[in-house]
Each structure stands twice: as C-alpha cells, then as structure tokens.
**Q** 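This structure is in structure tokens; I'll ask about it shortly.
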Amino acid sequence: MTQIRLTNSKTRKKEDFTPIDPNDVRMYVCGPTVYDRAHLGNARPAIVFDVLFRLLRHEYGPDHVTYVRNFTDVDDKINAKAAETGRPIAEITAETTQWYLDDMAAVGVLEPTHMPRATNYIAEMVAMIETLMAPDENGVRHAYEAEGHVLFDVDSWKDGYGKLSGRSVDDMIAGARVEVAPYKRNPMDFVLWKPSGDDQPGWDSPWGRGRPGWHIECSAMSKALLGEVFDIHGGGNDLMFPHHENEIAQSCCANGTDRMANIWLHNEMLQVEGKKMSKSLGNFFTVRDLLDGHDGQPPVPGEVIRLVMLSTHYRKPMDWTEKKRQEAEKTLKDWINTLQKHGYSRQTVERLKETKDWAPDAEFLGVLSNDLNTPGALARMHVMAKARTAAGLVPFAYAMELLGLVTDWGVLDLSPVQDDQIPDWAPDVIDRLIAQRSAARENKNWAEADRLRDVLSDVGVQVTDVAGTASWLPGPNFDPAKLEALK
Ligand code: AMP
Ligand code: ZN
C-alpha cells in the first residue's frame with residue numbers, strides 16, 4: 001500500500017492519512033448551490049476531490065469508500081432566481097442539478113456515493129437545532145431563539161470557535177463581513193433557522209414556518225450519511241470561514257464530539273488569465289461554455305479541461321489561460337495517439353484489467369499520494385508515455401485512467417474514428433477474423449495467418465498484441481463496407 005499524505009487545514013501540516021475504519025473511508029465535500037450553471041471555478045473542487053476519491057478507492061477498494069457531496073437546493077439565491085424568472089423553485093433546482101451532473105461527468109468526475117439534497121433533510125436539521133437549544137452535558141445551551149430566528153451562540157463555544165481558520169472570535173469580527181442584526185447577542189452568531197414569508201419556501205418547525213440557514217445542512221447530512229466524526233471534509237478555501245467554522249461548531253456542540261472530521265482539505269481558487277473571474281471583466285465562463293464552444297471559440301473536450309486543472313496543485317491558486325488549454329490539448333492528443341498506435345482500446349483495457357499486468361507505476365502513485373501532487377504525477381506520466389511497446393505503456397494507461405483522463409476508452413473525443421461510426425455487427429466479425437488468425441498461428445499455418453492479417457489491414461483495422469492478447473482498433477481508413485462483405 002502507498003501511504004497517502006494530506007495537508008490538514010486544521011493543523012496546517014502534512015499528515016499521514018489513517019482512516020478511522022479502512023473498510024469504510026468517509027469523505028464529505030460541500031457541493032453546489034443549484035440556481036445556475038457551474039462556472040469554471042466550481043469545477044475545481046469537483047475535480048480535485050474526484051481525484052482524491054479515485055485515489056482512496058484505489059488504495060482501500062472501490063467498495064470501501066463513501067463519498068458524500070451535497071446539493072444546496074434551499075437558498076436565497078435560488079429564491080431570487082425564481083422571482084426573477086417567474087419559474088417554480090423545484091423546476092430551477094432540478095434543471096440546475098442535472099446540468100451540474102452532466103457538466104461534471106463531461107470533465108471526468110465520478111458520481112459520489114451519495115448526493116443528498118438539503119430539502120430532503122429538513123427533519124434532521126430541525127432535530128439538530130433542537131439539540132443545540134437544549135442544555136448540553138455541562139448545562140450549556142448553544143442556540144437561542146430571537147424574533148422568529150434561531151441563532152447559534154458563538155460565545156457558548158468560545159474555546160472551539162475559530163480553530164480551523166486559526167482566528168480568534170475578535171479577529172473574525174474585525175475581518176469578516178458579518179451580518180449585523182439587532183436580534184443577535186454577538187455579531188458572529190449565525191442563523192440556524194429563519195422565518196419564511198408566504199412567498200418563500202418554508203417548513204413547519206417548533207419556531208414557526210421557516211427554512212434552515214445554510215450551514216446546518218452539511219452538519220445534518222454528514223451526520224446522517226457518515227456519522228458524527230468522519231475522515232475527510234473538503235471544499236474550496238473560500239468556505240473555510242464562516243461555513244466550515246460554523247459546521248464544526250454545530251456538529252461538535254450537538255454531538256458532544258471534539259471534532260467533526262479528522263482532516264480538512266481546501267482547494268485554492270481559480271482565476272482566468274491572472275484575474276478573478278467576473279462578468280464585468282468578460283472573463284467569466286461556465287463549464288458548459290467551454291464544452292460547447294463560446295464566443296467564437298471551438299469546443300474544449302472535457303479531458304482537456306481536466307488536464308489543465310490537474311496541472312496546478314490544489315493548494316496553489318490556479319490560473320486558467322488559453323496557452324495552458326492549447327498545451328493540454330496537444331499533450332492529450334499525443335498521449336492518446338501513443339495509446340491508440342499501440343492498440344489500446346476499451347476492449348484491450350478491459351482484458352488487461354483481468355490480468356496481473358494491469359498495475360500502476362510505483363513512482364507515479366507515490367507522487368500522487370503525497371498530498372495529491374497532480375503536477376508531479378503528470379510530470380511522471382510524460383516519462384511513462386515514452387515507453388516503446390504496448391506492454392511498456394500499461395502503467396501509463398493505468399495512470400490515465402486513475403486520473404480520470406479517459407472516461408471511456410472506446411469513445412475518446414480525440415480519436416479519428418468515433419464509436420458511432422462502427423456498425424453494431426462489426427466487432428463480432430473482427431473478433432472472428434482475429435480468432436481465426438490466432439488459430440492459424442497456433443497451427444503454424446503462416447500463410448493463412450498472413451492472409452487474415454492482410455484482410456484486416458485492407459478493411460482498415462489495426463491489430464496489436466498487448467500483453468499477449470490481440471486487440472483491434474479502427475484506423476483512419478476503416479471501411480465498414482469492405483468488412484460487410486466478410487460477414
Ligand atoms: P458555491 O456553489 O458558490 O457554494 O461553490 C461550490 C464550490 O465551488 C465550493 O466548494 C467553492 O469553494 C468552489 N468555488 C467557487 N468559486 C471558486 C473558484 N473561483 N475557484 C475554485 N473554487 C471555487
Ligand atoms: Zn458545507
């Protein structure tokens with residue numbers, strides 16, 4: 001096993017990762033608020049934590065990792081969108097949720113194990129708020145009701161509050177834009193529950209019809225799906241304060257634990273051409289804009305977006321530039337050509353996976369496991385891609401898949417022949433010809449083996465022997481009409 005090391009935002013140190021239960025490694029990542037298309041910055045945490053999910057699955061086994069990423073489907077930004085467009089909230093959140101799933105799938109992000117929607121966990125949130133309002137084992141109440149709102153009482157947990165971001169409550173008050181409201185005892189107190197007007201979404205609660213504050217959903221959903229204390233909690237570093245600080249306060253005070261998660265991981269922000277993305281600067285775009293092509297630009301394949309993202313370490317600010325996009329596109333084309341030239345296809349990889357030859361490069365894995373050093377891992381891949389034989393390229397192909405750079409080996413966007421150009425019956429005919437060729441070789445009938453090789457080459461099928469198994473790929477001159485004659 002390779003030891004995974006991660007930089008814990010809480011201790012500000014790189015630590016060896018030891019799961020609470022190696023049979024069930026548990027990770028929670030704060031997901032999107034669903035009111036609009038995901039912008040390019042939103043794709044960064046999705047991709048970073050997807051790489052970690054893949055690495056954890058690799059180390060502990062795919063069935064031993066539980067990854068939860070939520071959808072915030074109750075929020076004032078969603079209400080504003082509904083008011084602005086006159087569309088029902090449920091329609092907006094359902095549509096935006098599907099957009100997010102489609103866009104993230106296009107950049108190679110696997111679906112997490114659970115994707116809870118906040119509105120399905122209102123009862124759990126209400127229960128947690130009730131616990132916070134009742135005296136804890138030391139007789140301390142951590143929440144209070146004021147003017148129809150329920151607020152978390154930061155002073156009730158002064159020792160714990162601010163530990164993640166390493167700030168004192170006084171510093172936070174000075175530095176943050178906290179909402180000052182007459183009903184707050186301390187300006188840092190944050191909303192757990194707030195009243196809803198007739199035109200706003202609301203649920204009945206002991207404090208009247210209302211809706212949750214933002215932070216409580218993550219505490220309630222992570223507890224329901226991962227337990228009171230779990231292994232890893234992640235998100236963008238803009239969430240560290242106040243969101244994560246508030247999640248910790250709620251969870252620790254309600255559950256009587258000294259922590260919510262063992263390791264806190266935060267990705268740095270993404271900028272575009274050296275500037276913060278903003279609509280007024282004209283450098284704001286969504287993931288979908290890139291995938292479909294926008295402002296006269298050609299479409300950018302999802303794998304290229306992913307490769308650009310992985311070329312910067314998650315703890316460093318990332319700059320999206322046109323130059324990086326071009327370089328990534330060239331790299332990916334070269335890499336995929338190399339694999340195709342050596343006969344790699346979905347079939348090859350599927351067959352390879354059943355053999356012991358399908359194994360990673362130890363150095364690649366070591367670099368990646370060292371705090372998710374994706375730029376280092378990509379540098380190693382440039383070396384691995386220089387292997388001259390199909391068998392020698394196995395660790396490289398393995399790395400491509402582990403990093404999610406090829407989602408479906410059969411339909412590489414950059415491939416000369418797309419899957420839909422291959423008729424349904426063709427693989428059977430080709431497999432039959434290849435089997436006949438192998439049989440001829442086994443019988444030392446070289447003339448027949450050569451004839452079959454020529455037949456395959458004439459229809460434009462490239463046959464390669466990878467790790468002892470023959471596999472095929474349609475070449476640029478693939479001609480289904482000629483193949484049909486051989487049916
Ligand atoms: P939101 O829907 O705004 O809550 O954001 C969803 C996720 O995207 C959170 O984890 C944010 O930290 C992250 N995020 C938002 N903007 C950026 C950005 N420019 N760069 C990287 N991550 C971002
Ligand atoms: Zn959260």
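Atoms within each ligand, like the ligands themselves, are counted from 1 in listed order.
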**Q** Could you check if a side-chain atom of Phe230 sits within less than 4.5 angstrom of a side-chain atom of Met27, using non-hydrogen atoms only?
**A**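 The answer is no, as the side chains (C-beta and beyond) never meet within the 4.5 Å cut-off.
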**Q** Who's closest to atom 18 (C) of ligand 1 heavy-atom-wise, of Gln271, Glu268, Met269?
**A**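 Heavy atom nearest to atom 18 (C) of ligand 1 belongs to Met269.
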**Q** For atom 9 (C) of ligand 1, what's the nearest protein heavy atom and its distance?
**A**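 Result: Leu239 CD1, 3.8 Å.
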**Q** So is Met277 polar-close to ligand 1, meaning N/O to N/O under 3.5 Å?
**A**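 Looking only at distances, the answer is no, because the N/O contact criterion of under 3.5 Å is not met.
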**Q** Determine, using heavy atoms of His39 and all atoms of ligand 1, whether some pair is separated by less than 4.0 Å.
**A**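 Yes, that is the case, since the closest heavy atom of the residue is under 4.0 Å from the ligand.
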**Q** Which is it for Thr72 and ligand 1 at heavy atoms under 4.0 Å: side chain, backbone, both or neither?
**A**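 No part of Thr72 comes within reach of ligand 1.
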**Q** Distance under 6.0 Å and angle within 45° of the ring axis: does Lys81 meet both against Tyr35?
**A**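 Negative - Lys81 is either too far from the ring of Tyr35 or too far off its axis.
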**Q** What protein heavy atom is closest to atom 4 (O) of ligand 1, reported as residue, atom name and distance in Å?
**A**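 Checked against all protein heavy atoms, atom 4 (O) of ligand 1 sits closest to Thr33 OG1, 4.0 Å.
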**Q** How far is atom 12 (O) of ligand 1 from its nearest protein heavy atom, and which residue and atom name does that atom have?
**A**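 Among all protein heavy atoms, the one nearest atom 12 (O) of ligand 1 is Asp238 OD1, 2.4 Å.
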**Q** Within 45° of the ring axis of Tyr121 and under 6.0 Å from its six-membered ring centre, is that where the NZ or CZ of Arg117 lies?
**A**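 No; the conditions do not both hold, so Arg117 does not lie above the ring face of Tyr121.
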**Q** Of all the heavy atoms in Met318, does at least one lie under 4.0 Å from an atom in ligand 1?
**A**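 No, Met318 has no heavy atom closer than 4.0 Å to ligand 1.
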**Q** With a 6.0 Å cut-off on the ring centroids, do His39 and Phe285 count as close?
**A**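 No, the ring of His39 stays outside the 6.0 Å limit from the ring of Phe285, centre to centre.
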**Q** With sequence neighbours left out, what residues match His114 under ring pair (Phe, Tyr, Trp, His ring centres under 6.0 Å)?
**A**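 With neighbours one apart ignored, the set is empty.
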**Q** Please determine whether any non-hydrogen atom of Asn237 lies less than 4.0 Å from an atom of ligand 1.
**A**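 Distance cut 4.0 Å: Asn237 fails for ligand 1.
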**Q** Go through the structure and list residues passing salt bridge (charged side-chain N to carboxylate O under 4.0 Å, His left out) with Glu145, not counting sequence neighbours.
**A**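 In terms of salt bridge (charged side-chain N to carboxylate O under 4.0 Å, His left out), with neighbours along the sequence ignored, Glu145 is linked to no residue.
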**Q** Out of Pro32, Gly41, Ala43, who gets a non-hydrogen atom closest to atom 23 (C) of ligand 1?
**A**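 That would be Gly41.
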**Q** Less than 6.0 angstrom separating the ring centers of Phe396 and Trp335, yes or no?
**A**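 Yes, the ring of Phe396 comes within the 6.0 Å limit of the ring of Trp335, centre to centre.
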**Q** Looking only at protein heavy atoms, which one is nearest to atom 15 (C) of ligand 1, and what is the separation?
**A**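 Nearest neighbour among protein heavy atoms for atom 15 (C) of ligand 1, to 0.1 Å: Asn42 ND2, 3.4 Å.
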**Q** Which of the protein's N, O or S atoms come within less than 2.8 Å of the Zn ion (ligand 2), not counting waters?
**A**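 Atoms qualifying: Cys30 SG, Cys218 SG, His243 NE2, Glu247 OE2.
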**Q** Of all residues at least two apart in sequence or in a different chain, which pass the ring pair (Phe, Tyr, Trp, His ring centres under 6.0 Å) check with Phe17?
**A**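 Here no residue qualifies.
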